[in-house]
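The block underneath contains the structure these notes are about, expressed in structure tokens.
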Amino acid sequence: MLYNSTQNANEVVSAAQAIAQGISKDGGLFVPQEFPKYDINTFKALLNTDYKGRAKKVFSDFLTDFTEEEINDCVEKAYTSEKFGGENPAPISYCNLDGTNLNILELWHGPTCAFKDMALQILPHLLTKSLKKTYDGKVAVILVATSGDTGKAALEGFKNVDNTKIIVFYPVDGVSPMQKHQMNTQEGKNVTVCAIKGNFDDAQTGVKKIFTTQSVAQKLEENNMLFSSANSINWGRLLPQIVYYISAYCDMVNDGKIKLGDKINVVVPTGNFGNILASYYASIMGLPINKFICASNSNNVLTDFINTGVYDKNRSFYTTISPSMDILVSSNLERLLYKLSGNSDTTTKEWMTALKTDGKYEVSDDVKSVIKEKFYGGFCDDVDTKATISELFAKDNYLCDTHTAVAVNVYKQYVKNTGDTTPSVIASTASPYKFSKAVLEAVAPDCKLPSTEFDMVDKLHEVTNAEVPAPLANLKNKKARFFDVTESDAMEKYVLGALNIE
Ligand SMILES: *Cc1c(COP(=O)(O)O)cnc(C)c1O
């Protein structure tokens with residue numbers, strides 16, 4: 001199977017190249033030229049295997065330049081019960097809210113308690129094997145600028161992975177104390193964490209600049225290293241997300257919730273559009289999905305897009321209690337537009353160029369009507385997010401995080417507006433303990449807030465009795481290893497120093 005750039009049909013690469021390179025030279029994103037097709041018999045076979053077996057099947061159909069042995073090795077190393085707290089890394093909790101069934105797909109049982117682990121636990125293994133095929137023998141240097149969650153998930157994924165080094169920059173006052181502690185205590189012999197004096201954009205700009213500075217690339221080359229990226233637009237991060245939709249469907253059949261062949265809806269709390277796009281790709285492969293319900297917070301650029309066909313990022317930016325969805329440019333939407341425009345690189349490029357220059361584009365009537373037919377967009381503000389957490393806990397004794405609550409709320413709106421009772425899978429993207437403050441305020445509005453986030457975790461546990469994930473429970477006793485703070489214009493020097501190649 002080969003991969004194309006969404007913005008240049010002449011750019012054709014192997015899976016290994018797509019993963020090693022991350023983004024196409026023309027600025028487009030890599031997409032598979034065609035999708036494997038799964039019929040009833042394929043799904044029947046998948047019913048009888050576990051998550052790892054399903055992952056191996058999906059990976060082998062997309063990564064045709066990988067051997068079976070390589071794929072098995074990646075999957076076995078990534079989805080261990082040690083790392084994901086059980087045999088099934090993505091279990092479903094069956095809940096009920098006022099008679100509406102909620103099939104909550106918990107994607108946060110990994111080492112950092114957020115759904116990015118589902119992809120970032122396997123990406124390093126896919127990447128090292130891809131590099132071996134394309135740039136044999138080189139050490140990959142991963143640079144990450146983070147506003148919190150991605151940095152920690154990438155550190156956990158890359159820690160002690162042979163032939164990789166990872167350096168993470170975060171804004172010194174721009175992450176929560178819990179996130180800072182999560183990163184500063186990171187274990188591993190190939191990891192470096194550094195705060196920068198500036199905001200997230202400064203960190204991001206600094207990383208991009210280092211990536212494209214010729215003299216730095218030269219120094220790396222001389223030392224048998226090269227830069228690589230763990231960005232959310234890397235195909236190696238999207239592909240693993242297809243697996244859990246297929247696996248969830250199989251689990252629901254095995255649990256007697258649906259019959260093989262029945263349609264489901266998916267409900268996804270959306271930021272960069274990666275997670276929901278993975279479900280769309282699964283449907284192209286044959287997974288019977290009726291509607292894609294795209295849930296946003298007050299940054300509702302996608303809701304408006306789905307309803308009008310106009311994508312317009314010229315609007316106020318809100319800082320919300322579901323921060324991983326505080327995004328105005330959803331990068332992975334480009335892949336959907338490419339598909340819906342009939343794999344047209346010129347059309348996709350036109351829209352993406354308009355987005356860059358005017359912050360805005362309008363898709364064609366054909367694309368609008370397909371989006372209207374398959375997608376439903378809705379949003380929910382912070383007040384309703386908290387009310388949803390509180391309601392679900394009070395009525396069904398289920399504690400969810402702020403992002404998941406946005407999805408539950410939008411799903412309720414959907415059912416009310418459409419009357420559609422198709423069984424629906426709700427993607428749950430973080431442990432409630434990752435956002436203890438907001439969740440505590442939701443379920444115990446009268447309680448006096450403890451002063452540190454660790455105490456909030458304890459308090460939330462006291463109030464709800466919900467289990468605290470081990471990685472967060474253990475964090476309190478961990479000692480910090482990283483204390484560096486650097487000026488944002490000194491990041492290049494810092495990187496060379498950390499790599500010992502000044
Ligand atoms: C990253 C993230 C999201 C958004 O996912 P996308 O794939 O970017 O749409 C939602 N919730 C949580 C907790 C996240 O970390």
Side-chain angles (χ1 to χ4, degrees), residues 29 90 104-121 123 144-157 175-176 178-179 182 200 230-245 266-282 292-303 305-306 320-336 375 377-380 385 388-389 399-410 426-436 438-439 469 472:
L29 310 185
I104 300 186
L105 175 60
E106 296 177 350
L107 301 171
W108 42 263
H109 290 281
T112 76
C113 308
F115 98 101
K116 292 187 174 63
D117 289 329
M118 297 302 299
L120 276 164
Q121 280 298 311
L123 175 75
V144 182
T146 185
S147 54
D149 284 346
T150 306
K152 178 62 184 177
L155 285 163
E156 274 298 323
V175 302
S176 76
M178 177 76 94
Q179 288 172 323
Q182 271 191 311
F200 171 66
N231 236 310
S232 73
I233 47 177
N234 192 313
W235 175 245
R237 276 191 62 179
L238 203 50
L239 175 58
Q241 302 185 357
I242 296 175
V243 177
Y244 51 72
Y245 288 105
V266 295
V267 190
V268 186
T270 298
N272 225 356
F273 210 78
N275 201 358
I276 195 167
L277 180 71
S279 71
Y280 183 75
Y281 280 171
F292 303 89
I293 298 164
C294 176
S296 304
N297 62 26
S298 294
N299 296 293
N300 57 357
V301 60
L302 284 168
T303 313
F305 173 68
I306 289 166
T320 73
I321 56 171
S322 46
S324 301
M325 294 151 69
D326 291 346
I327 286 179
L328 291 181
V329 177
S330 298
S331 320
N332 267 304
L333 187 61
E334 178 172 345
R335 285 184 161 114
L336 179 72
F375 286 80
F379 74 100
C380 143
T385 304
T388 304
I389 293 173
L399 191 67
C400 75
D401 93 296
T402 49
H403 304 76
T404 309
V406 168
V408 170
N409 184 288
V410 169
I426 297 178
S428 174
T429 50
S431 157
Y433 284 101
K434 233 182 155 168
F435 301 93
S436 291
V439 175
L472 290 180

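Order of listing sets the numbers, starting from 1, for every ligand and every atom in it. Atoms considered below: every heavy atom in the structure, side chains included; atoms not considered: hydrogens, waters and symmetry mates.
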Practice item. Kindly assign one of parallel, tilted or perpendicular to the pair Tyr244 and Phe115, based on the angle between their ring planes and the thresholds 30° and 60°. Key: perpendicular
Show me the short polar-atom pairs for ligand 1: any N or O of it lying under 3.5 Å from a protein N or O, with distances only.
{"residue": "ligand 1", "atom": "7 (O)", "partner": "Gly274", "partner atom": "N", "Å": "3.3"}
{"residue": "ligand 1", "atom": "7 (O)", "partner": "Asn275", "partner atom": "N", "Å": "2.9"}
{"residue": "ligand 1", "atom": "8 (O)", "partner": "Asn272", "partner atom": "N", "Å": "2.7"}
{"residue": "ligand 1", "atom": "9 (O)", "partner": "Gly271", "partner atom": "N", "Å": "2.8"}
{"residue": "ligand 1", "atom": "9 (O)", "partner": "Asn272", "partner atom": "N", "Å": "3.2"}
{"residue": "ligand 1", "atom": "9 (O)", "partner": "Phe273", "partner atom": "N", "Å": "3.1"}
{"residue": "ligand 1", "atom": "11 (N)", "partner": "Thr429", "partner atom": "OG1", "Å": "2.9"}
{"residue": "ligand 1", "atom": "15 (O)", "partner": "Lys116", "partner atom": "NZ", "Å": "2.5"}
{"residue": "ligand 1", "atom": "15 (O)", "partner": "Ser324", "partner atom": "OG", "Å": "3.4"}

**Study point:** Partner residues of Glu156 under the salt bridge (Lys or Arg N to Asp or Glu O under 4.0 Å) criterion, sequence neighbours left out
**Key:** Lys152, Lys159
Point to revise | Phe200: partners by ring-ring contact (aromatic ring centres under 6.0 Å, His included), with sequence neighbours left out | key: none
**Study point:** Partners meeting ring-ring contact (aromatic ring centres under 6.0 Å, His included) with Phe435 (sequence neighbours left out)
**Key:** His403
Point to revise | Verdict with reasoning, Asn299 to Asp326, per side chain to side chain donor-acceptor pair (under 3.5 Å) | key: CA-CA 6 Å; Asn299 296 293; Asp326 291 346; 3.0 Å; yes
Exercise for review: Check whether the side chains of Arg335 and Asn332 place a donor and an acceptor atom closer than 3.5 Å, and report yes or no.
Suggested key: yes
